[in-house]
Amino acid sequence: MKEFELRAQNWLEGDFDQETKIKVMQLRNSDPAAFEDAFYKNLEFGTGGLRGIMGVGTNRMNKYTVGMATQGLANYIRSHFEGDDPRVVISYDSRNNSKEFARITADVLSANGIHVFIFDNIRPTPEMSYAVRHLGAVAGIMITASHNPKEYNGYKVSWSDGGQVTSPVDKEIVAEVAKVSDPSMVKFKSEDACGEVEAIGANVDACYLRDLLSLSLSPEACEKHSDLKIVYTPLHGCGVRLVPEILKRKGFKNIIHVPDQDVSDGNFPTVISPNPEEHSALEMALAKADETGADIVMATDPDADRMGIAVRDNEGKMVLFNGNQTASLLTYYILRRWKELGKLGEGKYVVKTIVTTELIADICKGFGVPVYNVLTGFKYIAEVVKRHEADGEFICGGEESYGFNVGQFVRDKDAQVSCMMIAECAAWAAEQGITLYQLMDRIYEEFGYRKEGLVSVVRKGISGAQEIQQMMADFRSNPPQEMCGSKVVKVIDYLEPEKTGQPSSNVLQFFSEAGDVVSVRPSGTEPKIKFYFGAKGGDADAKIEALKKQFC
């Protein structure tokens, strides 16, 4: 009997509920390939938590794999906070089974004597991050698979600062979860010494919205241009609860909904993928904008931590901004207003990831504000904020993958505050007599035009993984001498933490004298290698294509 068959047999003979056993047998009889995939390995709890396809099996998201992950986390918490009445916040989005997985998580934590705060309905990831610090919790758990297809769900862990867990805590939790090798080791049912399970909701919403609204920089402009027409879609996710509310409280009166997409539905029935990066996901919102003559389109992903926007160009056509453009626009607006309000000064800073546009660095330099570069992932931005709590103030920060945050209340990317700031920026721009599109053009004029591109090269199987490793080895041993006719003047190898000041990571960056930059990064979870291209100058569009040919 093969190993995956032995795992399946353990489920059929072990202490699993009858419904699960029936589904295992049905899967074995109806779809041998899916049956093997469901049991050929254990779903890995990594430094970011769990993420996988839902269903029965050791390699699937289900109540048993969720329970085992939670027991491991509970064991870690109890060993580090014994006698401290540890608290954990749980939230969940609109995905199928999210509520069930959240309740299982709450039960297991409670059975281990941990005080649980669980939201009474779907709430965004950033509000969970906010609630961790607001309620003095040691950790937070978000049940979500972000913008992945409907078949997926996930389990994301944040720590006491509200940021996603980082080293060494992340690896210590992973090791503790790995020790829970069987569902029989999980305390699924509450015991006499169980921890309290407390529902939270409107009370936290009120504080969260209050604090985000305190970050406003142009209340007069918002009041004067409160008639801006804004189309908003949550793409069937939990942004529907708070994004329209924060825009309304900011004074904007024309919030136009896409009714079919306001429905919180884990099947995401109106989109192929609930990803605000993709044009197809915004088609209904764009049609609504043309129907109503709206100025802006905003879309958020299912757990409402990332935001995509579309604005009208000079011909009145709706065009999508990418994550680099939106982050640059917001950074410029916020720094400009901070300067006008006399808020800039020593200790203020911005953070971006290393693969995010260098335009942000140029903008920060223009305003005399330090910018920290960190590895890919918002958890590293949160780590900088935590490190400088006593000696600095985080202004804002973002990443090219449509994540942005403002202020220190939340330690993750936050689509609620981002939507508020985009609307406020549009009102401020209108006060100057320009649109967001024209403001972006002015930023390019002042700091130089930049264009970014991304290519993911897929190489499957063992041979593919070896090919990707060889590509990185070749780039290290024989780095490019020129890019688009300009000399390469700097190479950064992030496998050398003693030189970069960053955690070790298999990433290479090449910088040219002309200001172009190429970043090469193998994926840690998928069989592909990513090339991030950034070109500067009036010919940046052409240079992007040339760089793609050179590297790919």
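Computed from a predicted model, the values in this text were never measured in an experiment.
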Do [X] and [Y] have side-chain atoms, one donor and one acceptor, less than 3.5 Å apart?
X	Y	answer
Ser158	Gln164	no
His257	Asp262	yes
Asn42	Asn59	no
Asn112	Gln71	yes
Ser418	Asn405	no
Tyr152	Arg51	no
Asn96	Lys150	no
Ser184	Asp182	yes

Using a 3.5 Å distance criterion without hydrogens, assess whether the side chain of [X] forms a donor-acceptor pair with backbone atoms of [Y].
X	Y	value
Ser129	Gly162	yes
Thr65	Arg60	yes
Gln416	Ala304	yes
Thr326	Asn322	yes
Arg7	Lys2	no
Thr70	Val66	yes
Ser264	Ser94	no
Ser477	Ala473	yes

task = Tell me, with the steps shown, if Val385 and Arg411 meet side chain to side chain contact (heavy atoms under 4.5 Å, CB included).
result = CA-CA 8 Å; Val385 178; Arg411 301 298 171 86; 3.6 Å; yes
key: Verdict with supporting geometry, Glu452 and Thr357, side chain to side chain donor-acceptor pair (under 3.5 Å)   = CA-CA 7 Å; Glu452 287 76 37; Thr357 178; 2.8 Å; yes
Less than 4.0 Å between a side-chain N and a carboxylate O, is that true for [Y] and [X]?
X	Y	answer
Lys548	Glu545	yes
Arg306	Asp303	no
Lys23	Glu19	yes
Lys379	Asp412	no
Glu100	Arg103	no
Asp107	Lys189	no

task = Check side-chain contact (heavy atoms from CB on, under 4.5 Å) between Glu44 and all other residues, then give those that pass, not counting sequence neighbours.
result = none
query = Under 6.0 Å between the ring centres of Phe16 and Tyr64?
reply = yes
request  = Please test Glu172 against Tyr76 for side chain to side chain donor-acceptor pair (under 3.5 Å), starting from the C-alpha separation and ending with a verdict.
outcome  = CA-CA 8 Å; Glu172 292 171 354; Tyr76 182 83; 2.5 Å; yes
Is the shortest heavy-atom distance from the side chain of [X] to the side chain of [Y] under 4.5 Å?
X	Y	value
Ser167	Lys171	yes
Arg476	Leu495	yes
Asp15	Pro183	no

query = Stepwise, does the side chain to side chain contact (heavy atoms under 4.5 Å, CB included) test hold for Glu151 with Arg95?
reply = CA-CA 9 Å; Glu151 294 82 10; Arg95 284 182 174 273; over 6 Å; no
task = Indicate the ring-plane relationship of Phe475 and Phe531, choosing parallel, tilted or perpendicular according to the 30° and 60° boundaries.
result = perpendicular
task = Would you mind telling me which of Thr270, Asp93, Asp260, Asp301 makes a side chain to side chain donor-acceptor pair (under 3.5 Å) with His236?
result = Thr270
key: Interatomic spacing from CE in Met25 to CH2 in Trp11 - rounded to 0.5 Å   = 13.5 Å
ask   = Looking at Ala139 and Ile77, what are the two nearest heavy atoms and their distance?
value = CB-CD1, 4.4 Å
